[in-house]
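Since the structure is predicted, the reported quantities are computational estimates derived from the model, not experimental observations.
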Amino acid sequence: MSQDNTYYYTHFAEDVRTHLEAGAFKAICNHLSDRSAEIQNIDLMIVGGFCRNCLAKWLVKEARSLSSDIVAGSPKEAALLDAFGHSQAAREVYGCDFFRWKKKFPQKASFEQMRRYQESESIHAVHKEDKSLKSGMTVAMTQVFESKFKMLLEAGAFRSLCMHLAERSDTVQNIDLMAVAGFCRNCLAKWLVLEARKLATTIRGVCQNNFTEEEEELLLALDDFGYEEAAEIVYGCRYEDWKEAHQRKATDEQIARFNGSASIHAKHDKKLLESNVDGSESNVEAKPRTMAVQQPSKRSPQKSSSSPWTPKVKSPQPSDVCCEDVDTPQSNASTRVPFTRNGGTPKTFRPPPPPRIDLSLKIGILTVSDRAAAGEYETGDLSGPAVEQSLASNMGKLNSRRSQSDGTTAMINFVAKAIVPDEIEDIKAQLLSWCGKDGGGSGMDIIFTTGGTGFSSRDVTPEATLQVIERECSGLMSFVATECASIQPLAALSRGTAGICGRTIIANLPGNPNGVGQCLDILVPLLLHAVKDLKHGDD
């Protein structure tokens, strides 16, 4: 992944990213709350595969994930997160008690809506398998919860929505989202930019032009953060690449519905979306002062970013209409899409077509790094998010390669993330847990480790993996390294391995975000067939 593609991660520390994503999630909730009478949950499910209830459930799932991360060191805070249940989450999304909202805005579905709902089940978000959604109690929001966790949960729910839409790039069109929900993927990107502008304004108001060098660099990065960078976070790839792969020419009926729904469309101030930086020297004066954007929790002990700011090459701003180019013919979504992301996939590699079977995947992403585990990186862990982003992009592209007669899809239903130091026993423990070998239930379908595959004495990820797997796939990572070496010769130095533990596939990725994307462009199309064989080979 090039620096341009990782602007968001290299210029903003984890607490800043959390602030922007949480603000964008609140913008979604406010948008839907303001249109409670016009936007029905069942229509959201039909067109987008999610609704207000899904937003609430993603909040709860994020609370459960965060609880598991901190339970060992902070059992009381973990208990507070475990007590956060769907009722409380729904109140955050709906702006009031769910049953009060239903009484105020009764939404009785018609026969036609029920028929379309049943027909659209293939794109619906799946929450039934997560029993933990029902285990929480409704509790009063405490000061600890508000200050430490609420923003983290909102940011996580925003990322879940982005991944949900990225996995359904071919089936969920922006113009249909606009017609029913009044917002689309482009709106999500614009709300991210708006939050960056708001945060910059807040910092200037608090500091009164008394900035440290670190604060000045953050302000410059926030001012220069634009639609292009935000869209890449939402889409999981460059917006132009997504359009070429997935956006279809709108029909007359779609355009009519879009025009007829103008009253519910989100409105965006184009001036706020424009960069406030012209590439010249900063207009802020650096003076000693300290200010924290957000108090980091135990999950994100990162410092503010100190990455040197560099101005970007300006790109055209999006039009006032979120679903722009509705009159322009687009390439058919069934057309083969070249895998050119993350520095490019080797020209010699031809991805196989995806297996003709529905796959719902559980993914584990394990970052192996002493420094990341100790919270020493100023920008936070970059390789883990790079894995998640590349996975979403590749899944969308692979589904777009299916023929029109192929009604099957592959989706990522659950993602677990963890960071461990470069210690064999710590790596083994996490891998065995995710493989279901600790008595904790069924395991992940695929585990990707990132980091610890080099020649340093501390690089022990392959050794730990070999002690866990039951059957080694010795040729897989060798093939990936050979293919990637045509782009980056140093890829040949990766010692990563792959294998099977129970019904879980484990693959070692490098720790460099560039290498992560290049490897996954090759691995994902292959591993879908491996997962199919593991899950259904005996059928």
Side-chain angles (χ1 to χ4, degrees), residues 19-56 58 92-95 101 105 107 154-155 157-166 168-169 172-199 201 225-235 239 242-243 246-247 250 254-275 316-327:
H19 191 104
L20 303 187
E21 292 161 2
F25 180 80
K26 285 182 281 193
I28 298 167
C29 295
N30 291 337
H31 171 91
L32 292 175
S33 178
D34 292 342
R35 296 158 177 79
S36 293
E38 295 90 352
I39 300 176
Q40 296 193 21
N41 279 338
I42 191 170
D43 292 330
L44 288 173
M45 290 295 295
I46 291 169
V47 170
F50 73 96
C51 66
R52 297 173 178 88
N53 292 329
C54 296
L55 300 180
W58 283 327
E92 296 298 318
V93 172
Y94 285 92
W101 184 89
F105 302 103
Q107 299 182 346
E154 292 167 339
F158 177 81
R159 293 190 295 271
S160 293
L161 174 59
C162 291
M163 179 169 285
H164 170 90
L165 293 175
R168 294 158 177 81
S169 291
V172 179
Q173 293 288 296
N174 280 340
I175 191 170
D176 294 328
L177 281 174
M178 287 297 296
V180 168
F183 74 92
C184 67
R185 297 172 179 89
N186 293 329
C187 297
L188 302 184
K190 293 173 184 178
W191 281 326
L192 273 179
V193 177
L194 179 60
E195 289 304 314
R197 302 292 179 265
K198 287 181 179 178
L199 181 55
T201 300
F225 180 63
Y227 172 80
E228 183 180 4
E229 292 76 32
E232 187 164 346
I233 300 304
V234 172
Y235 284 95
Y239 174 50
W242 185 92
K243 283 176 61 178
H246 304 291
Q247 184 166 304
Q254 284 176 308
I255 294 174
R257 286 200 301 265
F258 174 83
N259 292 332
S261 63
S263 62
I264 67 170
H265 291 182
K267 302 295 188 295
H268 307 280
D269 188 337
K270 287 189 69 175
K271 290 184 178 180
L272 286 176
L273 295 175
E274 295 174 355
S275 171
Q317 289 296 314
S319 69
D320 289 321
V321 180
C322 278
C323 240
E324 64 259 52
D325 303 334
V326 293
D327 294 321

Run the numbers on Phe105 and Asn41 for side-chain contact (heavy atoms from CB on, under 4.5 Å), then give the verdict.
-> CA-CA 11 Å; Phe105 302 103; Asn41 279 338; over 6 Å; no

side-chain contact (heavy atoms from CB on, under 4.5 Å) assessment of Phe50 paired with Trp58 | CA-CA 11 Å; Phe50 73 96; Trp58 283 327; 4.0 Å; yes

Ring pair (Phe, Tyr, Trp, His ring centres under 6.0 Å) between Phe183 and His265, intermediate numbers included = CA-CA 6 Å; Phe183 74 92; His265 291 182; over 10 Å; no

Decide yes or no on side-chain contact (heavy atoms from CB on, under 4.5 Å) for Asp176 and Arg257, but give the supporting numbers first.
-> CA-CA 8 Å; Asp176 294 328; Arg257 286 200 301 265; 3.5 Å; yes

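Heavy atoms only, all atoms of each residue included: Ala231 and Tyr239 are closest at CB-CB, 4.2 Å. Residue Phe225 comes nearest to Val193 through the heavy atom pair O-CG1, 3.8 Å, listed as atom of the first residue, atom of the second, then distance. The nearest pair of heavy atoms linking Cys187 to His268 is SG-NE2, 3.3 Å. Residue Ile255 comes nearest to Ala250 through the heavy atom pair CG1-CB, 3.8 Å, listed as atom of the first residue, atom of the second, then distance. The two residues Cys162 and Leu188 have their closest heavy-atom pair at SG-CD1, 4.3 Å. Counting all heavy atoms, side chain and backbone alike, Gln40 lies closest to Arg52 at C-NH1, 4.2 Å.
For Trp191, there are no side-chain hydrogen bond (donor to acceptor under 3.5 Å, both in side chains) partners two or more places apart in sequence or in a different chain. Remark: Ser36 engages Trp101 in a side-chain hydrogen bond (donor to acceptor under 3.5 Å, both in side chains) (not counting sequence neighbours). Residues satisfying the side-chain hydrogen bond (donor to acceptor under 3.5 Å, both in side chains) criterion with Thr201, sequence neighbours excluded, are absent altogether. Residues passing the side-chain hydrogen bond (donor to acceptor under 3.5 Å, both in side chains) test with Glu154: none are found, sequence neighbours excluded. Scored by the side chain to side chain contact (heavy atoms under 4.5 Å, CB included) test, Glu195 finds Leu20, Lys198 as partners (sequence neighbours excluded). Annotation: side chain to side chain contact (heavy atoms under 4.5 Å, CB included) contacts of Val180 (sequence neighbours excluded): Asp43, Leu44, Val47.
Note that CD1 of Ile233 is 10.5 Å distant from CZ of Arg159, once rounded to the nearest 0.5 Å. Atom OG of Ser169 and atom CH2 of Trp242 lie 6.0 Å apart (nearest 0.5 Å). Residue Cys51 holds its SG atom at 12.0 Å from CD1 of Ile39, rounded to the nearest 0.5 Å. Here the straight-line distance linking atom CG of Leu192 with atom NE2 of His19 works out to 11.5 Å at 0.5 Å rounding. Atom-to-atom distance recorded for Leu199:CG and Leu194:CG is 11.5 Å, nearest 0.5 angstrom. Distance check: Met178 CE to Gln173 CD gives 14.0 Å after rounding to the nearest 0.5 Å.
Side-chain contact of Ser160 with His164: a donor-acceptor pair under 3.5 Å is absent, judged by distance alone. In the model, Asn174 has no side-chain atom that pairs as donor or acceptor with a side-chain atom of Gln247 under 3.5 Å.
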Validation: residues 25-32 side-chain donor-acceptor distances under 3.5 Å, sequence neighbours left out:
unit_1	atom_1	unit_2	atom_2	d
Asn30	ND2	Lys26	O	3.2
His31	ND1	Arg35	NH1	3.2
His31	NE2	Ala181	O	2.8

